[in-house]
> 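Got a structure here, written out as structure tokens. Questions coming.
Both backbone and side-chain heavy atoms feed into the values below; hydrogens, waters and symmetry mates do not.
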Amino acid sequence: MKDIVVVGAGKIGSTIARLLGDTGDYRLTVVDRAADQLRLVEKSKKVRTKILEISDKTLESVLDGCYAVLSAAPYQLTTTIAKAAARAQVHYLDLTEDVRSTRKIRAIAAKAASAFLPQCGLAPGFVSIVAHDLASRFETLDSVRMRVGALPQYPSNALNYNLTWSTDGVINEYIEPCEAIVDGHFMEVPALEEREEFSLDGVTYEAFNTSGGLGTLAETLKGKVNTLNYRTIRYPGHVAIMKALLNDLGLRHRRDLLKDILENALPTTTQDVVIIFVTVSGRREGRLIQETYANKIYSREIRGKMHSAIQMTTAASICAVLDLLAQGTLPQKGFIHQEDIRLSDFLANRFGKVFAN
């Protein structure tokens, strides 16, 4: 049985603890600074909690003798947790979409004795594994387009949106620059731009640039593809209102105020749907061909408690990667890209089966 530390006891952290605790293969300690958050965690013989003010030194003492640490904390704590993992020589996994944090983790991993796997969630994370798998089927690539969204099943406000995961994460995605490959050149493009519409199963959606969803895929496919981009899926009308809030009202410069407004105006919901829509085109045997992965995952019940689709897909992704690491399927040292993980291995995993369609 492997000892695991989960940092962050929010919606995703508590779901990770529930999924891993049910296996009997892991013994978990969930740490958080807030006692209210820790009360969300279902305790058992395999799952305990600990109040902890996170710093690399305080966390290092908790990590002593552990196999891995999983970060489900806000992106601002990512590098702090990674430094503690390196000092304690334990494996490190996170869910961050923050580009700057991931670059710092790469530098930490270069000198570490353990494995560092950032961006193990849905996007970045699973979507990168899917896109790379599709891309590998072509002799030459033309375009890779990744579209992902977590949406309420029953939208009922002007934004057509409910808070289903980290508010800080959503704001970061909407504000920070977005990586892309345009006409074969790597570049940064602005968030909330390049809006498009598409239909899936008779429902119309909009998609637009957001930060972090590509993970490290732009680096991996640089020089091999003409077009590579990631866009977040929402119901039509969402991006226009967000641009007014961020740009016209200047709330991009007042993130704390924007967070307070969103958390007090938009209710949370467990009745959501995660949409994954990845399209890759290229040449095979001289012919231009397109292949698409499309999937919808809905909220579901686990032992009498309803979990949102974004909770399930995000938590299941990092749990699947942890399993693959523990089984020796993945390298045990250094920086590991999500696209290094084989899609077949991921989907065959007990947690990866959440994505079965």
> Please say yes or no: joined through hydrophobic side-chain contacts below 4.5 Å, possibly via intermediate residues, are V144 and I276 part of one cluster?
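Yes: a chain of side-chain contacts under 4.5 Å links V144 to I276.
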
> Judged by modelled atom types alone, do Y26 and D323 share a side-chain donor-acceptor pair under 3.5 Å?
yes

> Are S317 and T314 linked by a side-chain donor-acceptor pair shorter than 3.5 Å?
no

> Strictly under 6.0 Å, is that where the ring centroids of Y205 and F198 end up?
yes

> Charged N to carboxylate O below 4.0 Å: is that the case for R283 and D142?
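Looking at R283 and D142, the cut-off is not met.
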
> Can we say D260 and R255 salt-bridge, meaning some charged N sits less than 4.0 Å from an Asp/Glu carboxylate O?
no

> For a 4.5 angstrom cut-off between non-hydrogen side-chain atoms, does D340 reach H337?
yes

> Quiz question: by atom type and distance under 3.5 Å, do the side chains of Q119 and T96 form a donor-acceptor pair?
no

> Does any donor atom in the side chain of Y92 or D94 lie under 3.5 Å from an acceptor atom in the other side chain?
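Checked: Y92/D94 side chains pair up, N/O donor to acceptor below 3.5 Å.
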
> Can you label the angle between the F355 ring and the F126 ring as parallel, tilted or perpendicular, going by 30° and 60°?
parallel

> With the side chain counted from C-beta on, respond yes when I341 and Q338 share a heavy-atom pair under 4.5 Å apart, and no when they do not.
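SC-SC contact between I341 and Q338 confirmed.
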
> If only side-chain N and O atoms count, and only distance matters, is there a donor-acceptor pair under 3.5 Å linking R145 with S143?
yes

> How is the hydrophobic cluster of M1 composed, in terms of its other members, when Ile, Leu, Val, Met, Phe, Trp and Tyr link through side-chain heavy atoms under 4.5 Å apart, directly or indirectly?
none

> Do the two ring centres, one from Y235 and one from Y161, sit under 6.0 Å apart?
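Y235 vs Y161: aromatic centres not under 6.0 Å.
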
> In terms of side-chain geometry, is the basic nitrogen of K296 or D201 positioned less than 4.0 Å from the acidic oxygen of its partner?
yes

> Return the minimal non-hydrogen interatomic distance between S114 and A85, and the atom names on each side.
OG-O, 4.3 Å

> Are L40 and L163 joined in one hydrophobic group, where the rule is that I, L, V, M, F, W and Y side chains link up if heavy atoms are under 4.5 Å apart?
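No: no chain of side-chain contacts under 4.5 Å links L40 to L163.
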
> Please state whether the rings of H238 and Y174 are parallel, tilted or perpendicular, taking 30° and 60° as the class boundaries.
perpendicular

> Does any part of the side chain of V47, heavy atoms only, come nearer than 4.5 Å to the side chain of E42, both counted from C-beta?
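No - every pair of side-chain heavy atoms lies 4.5 Å or more apart.
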
> Answer yes or no: is there a side-chain heavy-atom contact under 4.5 Å between M146 and R231?
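Contact flag for M146/R231 side chains = no.
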
> Can a donor-acceptor pair be found between the side chains of T232 and T210 at a distance below 3.5 Å?
yes

> Indicate whether any N or O donor in one side chain lies under 3.5 Å from an N or O acceptor in the other, for T216 and E339.
yes

> Less than 4.0 angstrom from a charged side-chain N to a carboxylate O is my criterion; do E179 and R103 meet it?
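Answer for the salt bridge query: yes.
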
> Could you check whether E219 pairs with K224 (Lys NZ or Arg NE/NH1/NH2 to Asp/Glu carboxylate O, under 4.0 Å)?
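K224 and E219: not salt-bridged.
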
> If we count only N and O atoms by modelled type, under 3.5 Å, do the side chains of D345 and N349 hold a donor and an acceptor together?
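The answer is no; no qualifying pair exists.
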
> For R234, is there an ion pair with E206 - N to carboxylate O distance below 4.0 angstrom?
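Salt bridge between E206 and R234, a charged N being under 4.0 Å from a carboxylate O: no.
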
> Determine the minimum heavy-atom distance between A115 and L325, stating which atoms define it.
CB-CD1, 4.0 Å

> Write down the atom of N162, the atom of P152, and the distance for their closest heavy-atom approach.
OD1-CB, 3.1 Å

> May I have the step-by-step check of ring-ring contact (aromatic ring centres under 6.0 Å, His included) for F116 and F335, ending in yes or no?
CA-CA 5 Å; F116 281 69; F335 186 91; 8.5 Å; no

> Establish, from distance only, whether the side-chain atoms of N209 and E193 form a donor-acceptor pair under 3.5 Å.
no

> Which heavy atom of V30 sits nearest a heavy atom of A9, and at what distance?
CG1-CB, 3.9 Å

> For the residue pair D98 / N172, report whether a side-chain donor-acceptor contact shorter than 3.5 Å exists.
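Yes, a side-chain donor-acceptor pair sits under 3.5 Å.
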
